[in-house]
Amino acid sequence: MKRRSLFLILFLLVVIALLLIWFIGRRRNDTASIVPQDARAVALLDVNELSRATGLEAGKILARLGVSEAGEAGLNLSAPVYGFVTGQGHFGIALSVKSKSRLKKALQQLGADVESQRGYQWAMMKNWMAAFDSNRLLILGPVSATEATGLRGQMVALMKQKKADSPVLDELKNRSGSLRLISRLDVMPKAYVGTLRKWLPADLDFSRVSAFVSLDAQDKSFTLNTELLSDDKQVQQALAQADSLWQPIQGKLIEQGPESPVLWATAGLRGDRLLSLLRQNPAIRTRLIALNMCVDADMMLRSIDGDVSISVPNISLNFKQPPLLMTATLANKDFLRNVDSWKSGLATEAGVRFRVLHDDDFYLSAGDVNAYFGVRGNQLYVTTNSRLADQACRPTTAPGLQALLPKMQGRVFFATFDASVFMKGLGPLVQLLSAGNGMLQLLGSVERINLSATNSHNIALEVQCNQELKDILKP
C-alpha cells in the first residue's frame with residue numbers, strides 16, 4: 001500500500017513538473033518570436049531598461065508617454081515591444097498581453113468586431129488587423145479588405161513561431177539601448193529613394209545598406225546613436241574615402257576664441273584631401289575658382305592639417321553675415337608669400353577692397369561680404385567682424401567648453417549647442433511663449449546638445465539636461 005501511494009505521489013509530481021515546463025515554455029514564447037524572417041526593419045522599446053537607466057518607475061514613464069491606460073486594456077507595455085516592417089512592406093507591432101479578456105473588451109469598446117478563429121482572437125480596426133491570444137498581440141497593416149484573408153494565414157504562421165530567425169533581429173539583439181532600431185534603406189518610400197539616388201551610385205542595392213539607431217539614457221542626459229551598416233563595396237569605398245579626410249581631434253582650439261559661444265564645432269581635417277573632395281562638386285569648384293582670383297584659397301586649404309573650429313558667439317538676425325569665427329591648424333604658411341600679388345591683383349578689381357591690417361592680418365570686402373583673416377602662430381583664422389578678429393587665436397577662460405574636452409576624445413568631429421545661452425538670447429520672448437506651454441517648458445530643461453562622430457558612419461547626438469531625467473519625465 002505504501003509503495004502504491006509513493007508511486008502515485010511521484011506520478012503527480014512528474015505531471016505537475018511537465019505542466020510547469022509547458023506553462024513556462026509557453027510564457028517564454030515572447031513577442032520577439034513574432035518578428036518575420038524577411039523583416040526589413042525591426043525596432044525594440046524596452047521600458048524596463050529605460051526605467052533602470054533613468055531611475056523612474058516604468059508606470060510613470062508610460063504615463064509620460066501617454067499610454068498609462070494600456071494596462072487597463074489588457075496589455076503589458078513593461079515587457080519589450082517590437083515593431084517591424086515585413087518583406088511585403090506591411091508594418092507590424094508585437095506586444096505582450098496581460099489579460100486576454102480585458103484586451104477583447106477594449107477592442108470591442110473601440111468598435112471592432114472580435115471573433116475566434118484558428119486558435120486566436122481576431123479584430124479588424126479600419127485597415128489594421130489584430131490577432132491575439134493570452135500571451136501576445138500582433139497588429140499588422142495597413143491592409144485592404146481583399147488582402148485580409150491571405151494575410152490572416154501569414155499572421156497565424158508568425159504567432160506560431162517558436163523562435164524568430166531574422167538576421168535584422170539578431171543584429172538588433174547584439175546592440176544596446178532602451179530604444180533600438182535597425183532598418184534597411186529599401187524600407188524608404190520610392191520618392192525618397194529617387195532623391196537619394198541622385199547622390200549615390202545608380203546601381204546601389206539599398207537592401208544591402210542599413211541604418212542602426214539607439215537611445216541610451218543616463219541620469220541627466222540621453223544619447224541618440226546612429227550607425228550606417230553595409231557589406232556593399234561601393235558604400236564601403238565611399239565611407240573609406242570620407243574617413244580619409246578626418247583625423248582625431250586634439251582639442252587645443254577649445255582654449256581659444258569667444259567665451260561661452262552659442263554654437264561651437266571642431267573637426268580634425270586633412271586639408272589636401274578636403275580640397276580634392278570639394279573640387280568634385282561643380283558648384284563648389286566654381287566658387288573656389290572665383291575665390292582664388294582674390295586670394296590663394298587652394299593653398300590655404302592644402303596647408304590645413306589638424307583641428308579646425310567654428311564658433312558662433314551669439315544669436316544674430318543678420319542672416320547674410322552672421323557673427324562667425326573659423327580657426328584652423330596649419331602645417332605650413334606658404335600662401336603668405338603671395339600677399340603682394342593679392343594686393344596688386346585686387347587693386348584694380350571693381351567693388352573689391354583689400355587691406356593689410358598688420359603683418360599677417362588682412363581685410364577683404366566684396367559686395368555685402370566682409371572678411372577678416374590672417375595667421376597667428378601656426379593657425380589660420382577667418383571671421384566676419386573686427387571684434388572676433390581680435391579674439392581669434394587668443395586664450396579664453398570659457399569653463400563650459402573646457403568641461404567638454406573628455407567628450408571629444410577619440411572623435412573626428414564634435415559640435416555643441418549651448419541651449420541655455422540660446423534661451424537667454426531670446427529673453428522675454430521665451431517667457432511669453434512658454435507660459436502654459438508644456439513643450440517649451442520641457443525644452444527649458446535642456447542645457448546643451450552635442451553632436452559627435454567617431455568616423456563617417458558613426459554619429460551620436462547627446463542632450464544634456466539641467467535636472468535628472470526622472471524629474472523631467474514625471475507626469
Side-chain angles (χ1 to χ4, degrees), residues 25-53 58 61-62 65-68 70-71 73-100 103 106-107 120-123 125 128-143 151-152 154-188 210-217 224-227 229:
R26 193 163 173 255
R27 298 302 299 182
R28 282 182 179 175
N29 194 12
D30 61 5
T31 49
S33 65
I34 291 178
V35 176
Q37 182 179 4
D38 64 350
R40 292 188 285 171
V42 181
L44 165 64
L45 171 62
D46 192 332
V47 174
N48 282 330
E49 190 171 330
L50 185 61
S51 173
R52 287 190 294 270
I61 294 176
L62 293 174
L65 294 174
V67 289
S68 56
L75 295 175
N76 177 20
L77 294 188
S78 294
V81 177
Y82 286 88
F84 55 85
V85 178
T86 69
Q88 294 76 36
H90 291 114
F91 292 90
I93 183 169
L95 304 104
S96 178
V97 173
K98 185 161 55 176
S99 170
K100 184 170 77 169
L103 177 57
L107 290 171
Y120 299 99
Q121 300 290 309
W122 297 86
M125 301 168 288
W128 293 85
M129 184 178 285
F132 63 95
D133 56 17
S134 57
N135 295 325
R136 298 166 303 159
L137 165 67
L138 169 62
I139 302 173
L140 213 61
V143 294
L151 196 63
R152 189 168 293 206
Q154 296 178 34
M155 293 178 70
V156 168
L158 291 177
M159 291 288 285
K160 287 185 175 180
Q161 285 187 156
K162 298 299 181 184
K163 182 179 183 297
D165 187 21
S166 165
V168 179
L169 177 63
D170 290 342
E171 181 68 33
L172 188 76
K173 285 185 173 181
N174 290 330
R175 307 286 180 138
S176 62
S178 307
L179 175 63
R180 286 170 262 168
L181 165 70
I182 289 185
S183 175
R184 285 171 18 190
L185 294 193
D186 61 348
V187 166
M188 293 187 301
S210 300
F212 168 71
V213 181
S214 71
L215 180 69
D216 293 306
L224 191 69
N225 299 292
T226 65
E227 183 180 357
L229 309 168

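Every value quoted in this text rests on a predicted model; they were computed, and no experiment measured them.
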> side-chain hydrogen bond (donor to acceptor under 3.5 Å, both in side chains) with Gln37: which residues, sequence neighbours excluded?
Replying inline: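 Gln37 satisfies side-chain hydrogen bond (donor to acceptor under 3.5 Å, both in side chains) with no residue once adjacent residues are dropped.
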> With sequence neighbours left out, what residues match Arg180 under side-chain hydrogen bond (donor to acceptor under 3.5 Å, both in side chains)?
Replying inline: none
Suppose we screen for side chain to side chain contact (heavy atoms under 4.5 Å, CB included). Which residues come up paired with [X], at least two apart in sequence or across chains?
X	result
Asn225	Ser214, Asp216, Thr223, Ala460
Val35	Ala39, Val42, Tyr82, Phe84, Ala164, Ser166, Leu169
Asp38	Pro36, Gln88
Ala79	Asn76, Ser96

Smallest separation among heavy atoms of [X] and [Y], with atom names:
X	Y	answer
Ser134	Lys100	N-CD, 3.8 Å
Phe91	Pro142	CD1-CD, 4.2 Å
Ala130	Leu137	CB-CD1, 4.0 Å

Straight-line distance of [X] [atom1] to [Y] [atom2], nearest 0.5 Å:
X	Y	atom1	atom2	value
Thr86	Gln154	OG1	CD	7.0 Å
Leu215	Ser176	CG	OG	10.5 Å
Ile139	Met129	CD1	CE	12.0 Å
Leu140	Arg152	CG	CZ	12.5 Å
Leu181	Leu45	CG	CG	12.0 Å
Gln161	Ile34	CD	CD1	8.5 Å

Is [Y] close to [X] at the side-chain level, that is, under 4.5 Å between some pair of heavy atoms?
X	Y	result
Ser210	Arg184	yes
Leu75	Leu103	yes
Met155	Trp122	yes
Val81	Ile93	yes

>> Quick check against the 3.5 Å criterion: does Thr31 have a side-chain atom that pairs as donor or acceptor with the backbone of Pro80?
In response: yes
> Any donor-acceptor pair under 3.5 Å linking the side chain of Arg136 with the backbone of Ala94?
Replying inline: no
> Is there a side chain to side chain contact (heavy atoms under 4.5 Å, CB included) between Tyr120 and Leu138 once you walk through the steps?
Replying inline: CA-CA 11 Å; Tyr120 299 99; Leu138 169 62; over 6 Å; no
